Amino acid sequence: MIRYLLATTLALAATLAIAQGAAKTVVQTEHVRAEVLVHAPEGVTPGRPVWVGLQLAHQPEWHTYWKNSGDSGLPTSITWDLPEGVSAGEIAWPLPKKFPIGNLANYGYEGTVLLPVPLTVGPSFKPSPSGTLNLKFKASWLVCKKECIPEDGEFTLKIPTASATTTHASLFKAAFDLTPQVLPPGRISVDGAALRLEVVGLPASLRGKPLEVFPETGEVIETAGAWTQAWRGDLWTATLPISPQRSQSPAQMPIVVTSGGMGWRTEAPVVGGWVTGGAVTAGGTASPKQSEAAAPAVGTSLAAALLGALIGGLILNLMPCVFPVLAIKVVGFAQHGIDRRARHLGGIAYTAGVVLSFLALGGLLLVLRAAGEQLGWGFQLQSPWVVAGLASLFTLLGLNLAGMFEFGQFLPSSVATLQAKHPVADSFLSGVLAVAIASPCTAPFMGASLGLAVALPPAEAMLVFGALGAGMALPYLAAVLVPGIARRIPRPGAWMETFKKLMAFPMFATAAWLVWVLGQQTGIDGAGALLALLVALSMVVWSFTLAGRGRITVASIAVAAFVGLAVLIGPSVTSVQAAHRPEKVSQWKTWDPIRIKELVAAGQPVFVDFTAAWCVTCQYNKRTTLADESLLAEFAQKNITLMRADWTNRDPAITAALASLGRNGVPVYALYRIDRKPVVLSEILSVDEVRAAISSP
Amino acid sequence: MLRRTLVTGLLVLPFSFAHAAAVVGQPAPDFAVRDADGREVRLSQFRGKHVVLEWMNPGCPFVRKHYDSGNMPATQKEATGKGVVWLSVYSNDDEGWLYTKPGKLREWVVARKAAPTALLIDGSGAVGKEYGARTTPHMYLVSPTGTLLYAGGLDSIASADKDDIAKATNYVRQAVNEALSGKPISVATSRPYGCMIKYKS
């Protein structure tokens, strides 16, 4: 028995020795020690990630090159000899370093660098009899100090298929961390002898810091030429000198920017046209159309908000305290028949007065918001506080419109009689006053736009306020410019009061939606508590409108009820559920960024739905396009993993993933595939669009 | 060594050369420089003839690829046989430790059966910088009227491997032949590949 064991052990040892003898994983040259490292956390199985990395340890002062080597040099290359069913991707190039040498420069690596290559294992792969993946490759690198030496090494290795190989996991992780994160397409334009870059989506923490820039396409810029860079808000711009001996005229240029060991990659079509200098055209590979898809989608939601604000402004004119003013003014000038030019000037001045007043209010909101953020208040819909606050706001606005209570005027009505001597100044002033004087009616609309604008970026919020003002000024302006309109304006009457009450319903509807959002965040208890508090709040407001003796008694009871409820059940409104309610069993898996990286590396595409309960568009898409039976079947057939990233509550990991796609909000639909930058689909998702994206090669 | 590189880097970086490199389609900059035998050679003295400028450095593996394989001498012989002037230019810093003396350089060239019209010693790097020459080899073709027709690599495959020569398109041969037969140059710029020229800093 013992003898038998011994024999087996010896045989095993011999096999191991042979296996080891056959593997050649280190090549030592005069200037470089090259070693092959493997990272196969799930063994070698079809669809699972397998990484093979070439680690180059350079002698001091020697360097090898990046994918664009710069003014001289050659990128390190690998020629593979792989068994059937296994294919190798491109090197996942870590961030390079710039080596300026006089008037020239190179991009490359010094010290120790790991160049990881993803292997794709297909179903037709058969492990060797000893249960390994056997592969051979030849790597060639040019190593330079002042002089250059082309070197190469042949490597053979065996990767066990059944067991995980994770010895160098930390080295691979470090290498992955050193690969650039993908940004949305920026803008690259040719401007004479300069190449202008505009990069968006960089983290806010970089603002104002100088970046290094590395074009992946060689032979375009003067590598060591003087260049400039600047930050404009969150936009980073750079002007690079185009090489007079440029031999490439790429249609699409990928650019990497780095700062402090972090890097970002953006790819954009080159606009402006290359100045013909006899340069050969070497077209870019990716189609510019797809990468442009991301940009207009952002525009649509802003356009919708602006249109909404404009309509809101128009509706404002129909309010009982605005309309009579408008009617009187319009009738006034129609009767008096002042000369045309003065009338037009007056109309424009009035418009300016209204719009500027709204912008001033918007500015005030932004200042308050900025101050709040300084104090650490979040203004996102992910915060239950904000959702509950907005629900209360909209309830109050609805009650106001329904006529339960009136807002007082922000300015005494005597101000309305103020007049400026100069007619243009007078018109401007009446524009300003129209906004202020009509505050009992404008306030609900102000509140609504405030609610809308609270979560928008500053520039967009200001645009929304501007559009609201423009909408309010529009009828007067139109009546001034086209006298025919003035005669068609209806008379003030009881219909205005009815209309105002009608407007209460959209407000209540918004409040209902916000309660549902809160329900997603804090569950049925939270939503129920919020509803109870809204009822109590309404009662408090109503009690203050009472007159006489009963007022104090009723108001006291109402306030006591409200406070009591707030103390008793208030906390459940804002206590975020520990675990968000899981999705029903479906093809959709919970978002997992590490898994995405692994799947994609293994050649399996991943489609991600970045969503949130409070995002109406997201819910619409989720229930229509993303629930489409035929589309789901197609996903399954194409072996595309579906993941859902739920951003209903704050999640820094999802926020970061969105940022890497150049977004800061949802919905975002992204398709991740091997060797390609993620494709971001439009916000209003159609089945055809998804189908086209997943079918495109 | 490192310190020197650093110092030169620091010195040169702020000026960061917007060097008036030669541009294809524009007049090629004229120059006057001594050859390996000490004679002055000017570009303008070859007006009326096509001129090939070849930046070289015997220490560079990419140059050796094309010389040791006989590719560069063959391309050269073919061109000069058709009346083209071939000027090999050596722009290494003549005070640098990687500098080869003109006599040795000529020996090296002759040993590889190369026969340029002249072997120019550009120890100050003035000509190389004027032309924006970056690598060895880096090739240029000038028309009989002094216009730059081609700038770039010797051929289409950037490698130090001799085996790639047969598979590559020799852009210089192609440009010379097209120019001689009055055709437009189909590839007028390409990627120059090789070792960085060791300019005087």
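On a predicted model such as this, the values are computed, not experimentally measured, just so you know. Just so we're on the same page: letters track the sequence lines, and every chain starts at 1.
Residue Leu142(A) holds its CG atom at 6.5 Å from SG of Cys195(B), rounded to the nearest 0.5 Å. One distance of note links CE of Met196(B) with CG of Asn106(A); it measures 3.5 Å at 0.5 Å rounding. Separating the CG atom in Leu104(A) from the CZ atom in Arg134(B) is a distance of 7.5 Å, to the nearest 0.5 Å.
Contact annotation for Pro192(B): both backbone and side-chain heavy atoms come within less than 4.5 Å of a heavy atom of chain A. Interface residue Ser243(A): only side-chain heavy atoms are found under 4.5 Å from chain B. For a residue to count as touching a neighbouring chain, one of its non-hydrogen atoms must lie under 4.5 Å from one of that chain's; by this rule Phe62(B) touches chain A with the side chain only. If you measure heavy-atom distances from Ile149(A) to chain B, the contacts under 4.5 Å come from the backbone alone.
Using a 4.5 Å heavy-atom threshold, the side chains of Tyr199(B) and Ile101(A) count as separate. The side-chain heavy atoms of Pro61(B) and Glu151(A), taken from C-beta on, include no pair separated by under 4.5 Å.
Of all the heavy atoms in Thr135(B) and Asp71(A), the pair that sits closest is CG2-O, 3.1 Å. What you find for Arg191(B) and Ser69(A) is that their closest heavy atoms are NH2-OG, 2.9 Å.
Other residues, nucleotides and ligands contribute only 12 or fewer heavy atoms inside 6.0 Å of the NZ atom of Lys113(B). Within 6.0 Å of CD in Gln28(A) there are more than 12 heavy atoms belonging to other residues, nucleotides or ligands. Heavy atoms from other residues, nucleotides or ligands lying under 6.0 Å from CD of Glu30(A) number 12 at most.
Heavy-atom pairs under 4.5 Å with chain A peak, among Gly59(B), Gly194(B), Cys60(B), at Gly194(B).
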Go through it in stages, so that I can follow the logic: the residues are His138(B) and Ser72(A), the test is side-chain contact (heavy atoms from CB on, under 4.5 Å), and I'd like the CA-CA distance, side-chain angles, deciding distance and then a yes or no.
CA-CA 10 Å; His138(B) 196 158; Ser72(A) 63; over 6 Å; no
